[in-house]
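Contents: one structure, followed by commentary.
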Amino acid sequence: MERKRTDCPALPPGWKKEEVIRKSGLSAGKSDVYYYSPSGKKFRSKPQLSRYLGNSVDLGSFDFRTGKMLPGKLSKNRQRQRHDVSLSKGGKLDLNTALPIRQTASIFKQPVTKVTGHPGNKVKSDLQRASEQPRQLFWEKRLKGLRSSDVTEEFLRTMELPPGLTSVAPDSSDATLLSAIASALHAGSAPVTGQTSAAAEKNPAVWLNAAQPLCRAFTVTDQHIREQELKVDQARKSLEEALLADGLARAQELSL
DNA sequence: GCCACCGGTGGC
DNA sequence: GCCACCGGTGGC
C-alpha cells in the first residue's frame, strides 16, 4: 500500500508524517495526511495539532498537507500575533523574543545551547563563562518595527535618545537602538556601556561584545549627570505642586 | 470498543 | 469547484 511514514523537516525528531492514498469510493486516488507525535498520538487536522501544541506554537505558516513551513503563508492570525510578541497568554516569556533563539524552519522554538564539554577537549575551560548563555550577534535587529502600545492599541510616544548614543548595527534606526538599550537594562543587571571595542564594527564576529547592546561606547559627563538631576528635581517639584493642588481641592470640597 | 477509512459539507 | 476538516461506521 501507499503507506509511508516519513520524518518531517518542520517537526522535531520523533514526529512522523504519513500520507495515505484512498483506495476506493468516490474519493479514490485522493490522499489523507496524518501526523504522529513521538508518543504515538495520531493527528488528522491542523486544528487538532494546534490544540495539542497549545498557543505557544504558531502554526500560521505551517502547511499541514506538505508538512513544510511556507514563508508566503501568513494567516489572518498575524494581526493578533503582532500585539503580544513577547508575552504568551499565561504571561510567561515567549521564546519567540526571549533570546537567543535558533532561527530554524521549525514550528518549535529551539533555544541555543552552548556545548563546552567536548570529550578530549584540551582547552582550559572557564567555568564562569561556561554557565552563561551565548547570544546571537545582531539579534537586536529583530526588535526593528516593534512598538509599544497602550490598551487601546494606540502607539505610545517613544523617547528621544541623547545625541551621544549611536548604533553600531548596520541598518539600525534610533527606535531600534532605544529598544536594544531598554532590553539590555531590563534583561541584565550589568551596567550598559556600549561596544567599547572600535574593532567591533569592522569584525563583529570576533570583537562584538554580545553582552552589550549594539550601541557605540559613550561617556557620561558630570554635565549629563547634572542635567539628569535637574530633570528629576523638576519632576519632583511638579508632582509636589500637583499633590498640593489636589489636597487643597479636596479640602475645599469637604468644607462646602 | 477502537480505529482505518471514506463521505459530507462549510468555507473559501 | 475544491479541499480541509471532522463525522460516522464497518470490520476487527
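Each chain gets a letter, A, B and so on, in the order its sequence line appears, and its residues count up from 1.
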Looking at Ser24(A), does any N or O in its side chain come under 4.0 Å of the phosphate oxygens OP1/OP2 on dC5(B)?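 For dC5(B), neither OP1 nor OP2 has a side-chain N or O of Ser24(A) closer than 4.0 Å.
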Could you tell me whether the phosphate oxygens of dC6(B), OP1 or OP2, come under 4.0 Å of any side-chain nitrogen or oxygen in Ser27(A)?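 No, outside the criterion.
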Between [N] atom [atom2] and [X] atom [atom1], what is the distance in whole Å?
| X | N | atom1 | atom2 | answer |
| --- | --- | --- | --- | --- |
| Lys30(A) | dC6(B) | NZ | C1' | 13 Å |
| Lys23(A) | dC5(B) | NZ | C1' | 7 Å |
| Glu18(A) | dC5(B) | CD | C1' | 12 Å |
| Asp32(A) | dC5(C) | CG | P | 12 Å |
| Arg22(A) | dA4(C) | CZ | C1' | 11 Å |
| Tyr52(A) | dC6(C) | OH | P | 17 Å |
| Leu49(A) | dA4(C) | CG | C1' | 14 Å |
| Glu19(A) | dC5(B) | CD | C1' | 15 Å |

For Arg65(A), answer base if it contacts any base atom (sugar-phosphate contacts may also be present), sugar-phosphate if it contacts only those atoms, and nothing otherwise; contact means non-hydrogen atoms under 4.0 Å.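 Since only primed, P, OP1 and OP2 atoms lie under 4.0 Å of Arg65(A), the category is sugar-phosphate.
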Of the nucleotides [options], which has the atom closest to the [X] side chain?
| X | options | result |
| --- | --- | --- |
| Phe64(A) | dC5(C), dC5(B), dG7(B) | dC5(C) |
| Arg44(A) | dG7(B), dC6(B), dC5(C) | dC6(B) |
| Arg51(A) | dC3(C), dC5(B), dC6(C) | dC6(C) |

Which one of Trp15(A), Tyr35(A), Phe62(A) satisfies the ring pair (Phe, Tyr, Trp, His ring centres under 6.0 Å) criterion with Phe43(A)?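 Only one of Trp15(A), Tyr35(A), Phe62(A) forms a ring pair (Phe, Tyr, Trp, His ring centres under 6.0 Å) with Phe43(A), namely Trp15(A).
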How long is the straight-line distance from NZ of Lys30(A) back to CZ of Arg22(A), given to the nearest 0.5 Å?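 Between Arg22(A) CZ and Lys30(A) NZ, I get 9.5 Å after rounding to 0.5 Å.
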Okay, side chain of Glu19(A), backbone of Thr66(A): is any donor-acceptor separation there less than 3.5 Å?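 No; zero donor-acceptor contacts below 3.5 Å.
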Out of curiosity, does Val192(A) fall in the hydrophobic cluster containing Ile225(A) (side-chain heavy atoms, cut-off under 4.5 Å, transitive links)?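 In one cluster: yes.
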So is Lys16(A) actually on top of Tyr36(A)'s ring, under 6.0 Å and inside 45° of the axis?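 Ring-cation test returns no.
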